[in-house]
Amino acid sequence: MRDPRKHPVPISGVVYGEIIYWLTVGSSFVVLLGTIISFIETQSLVSSAYILKSVFTGKSVEEIWLGSDISQIPDIKFYLTTFNFGESITILGIAFGVFSVIPAVFCASYFLWRSRNPVFAISAVFAGVITICSMLAGVLWA
């Protein structure tokens with residue numbers, strides 16, 4: 001009986017996966033740190049007890065933020081001015097996790113190009129540029 005052979009994983013897939021994996025693990029630690037700080041800080045602009053109570057009573061996101069002490073839905077400027085609070089650290093970790101796709105795509109496109117897959121390499125570069133533009137649009141026009 002023949003032994004089925006496994007197909008080797010392309011190096012571009014391994015590079016992409018490793019970069020995404022490690023940057024996501026790092027960002028999850030930042031999110032965890034921000035969440036812990038949110039629960040233990042006493043001078044927070046939005047108390048975690050209020051947020052949890054509001055979520056469990058079924059309020060919408062807009063109702064929660066408008067009913068909080070800041071009385072507005074936070075944007076990037078809010079998080080940059082309150083950078084040392086747990087909520088901002090948590091958002092930074094989430095943004096870093098989303099950002100991890102960008103270096104992974106560009107590194108994978110390099111290895112796709114080297115393995116003579118120009119269509120996929122160019123597509124990966126376009127995907128990276130589109131991701132950068134969408135992240136910048138969220139920051140600049142928020």
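Remember, predicted model here, so these are calculated numbers, not experimental data. This chain uses plain numbering: 1 for the first residue, then up along the sequence. Hydrogens, waters and symmetry mates play no part in the numbers below; they use all other heavy atoms, side chains included.
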Next on the checklist: Quick check: closest heavy atoms across V101 and Y16, and the distance to 0.1 Å?
Outcome noted: CG2-OH, 4.0 Å
Checklist entry - Taking all non-hydrogen atoms of both residues, which atom of Q72 and which atom of F78 are closest, and how far apart? => result NE2-CD1, 4.2 Å
Checklist entry - Would I122 end up clustered with I130 when hydrophobic side chains under 4.5 Å apart are linked, directly or stepwise? => result no
Next on the checklist: Tell me whether Y79 shares a hydrophobic cluster with I89, the cluster being built from Ile, Leu, Val, Met, Phe, Trp, Tyr side chains joined at under 4.5 Å.
Outcome noted: no
Item to check | Any S123 side-chain heavy atom under 4.5 Å of F126 side chain | outcome: no
Item to check | Minimal non-hydrogen separation, V31 against T90, with atom names | outcome: CG2-O, 3.7 Å
Checklist entry - With a 4.5 Å heavy-atom cut-off, do Y110 and V125 have their side chains touching? => result no
Next on the checklist: Whether the side chain of Y50 engages the backbone of I64 through a donor-acceptor N/O pair (distance < 3.5 Å, no angle test) should be reported.
Outcome noted: yes
Item to check | Least distance between heavy atoms, I132 atom then I102 atom | outcome: CG1-CD1, 3.7 Å
Checklist entry - Does the side chain of R114 come within less than 4.5 Å of I11's, by heavy atoms? => result no
Checklist entry - Is there a side-chain contact between F39 and L52, using heavy atoms and a 4.5 Å cut-off? => result yes
Item to check | Closest contact, heavy atoms only, T24 versus S100 | outcome: OG1-OG, 3.8 Å
Checklist entry - Does one hydrophobic cluster hold both V98 and L92, with members joined at side-chain heavy-atom distances below 4.5 Å? => result no
Next on the checklist: Treating S38 as the side-chain partner and G34 as the backbone partner, does any N or O pair qualify as donor plus acceptor under 3.5 Å?
Outcome noted: yes
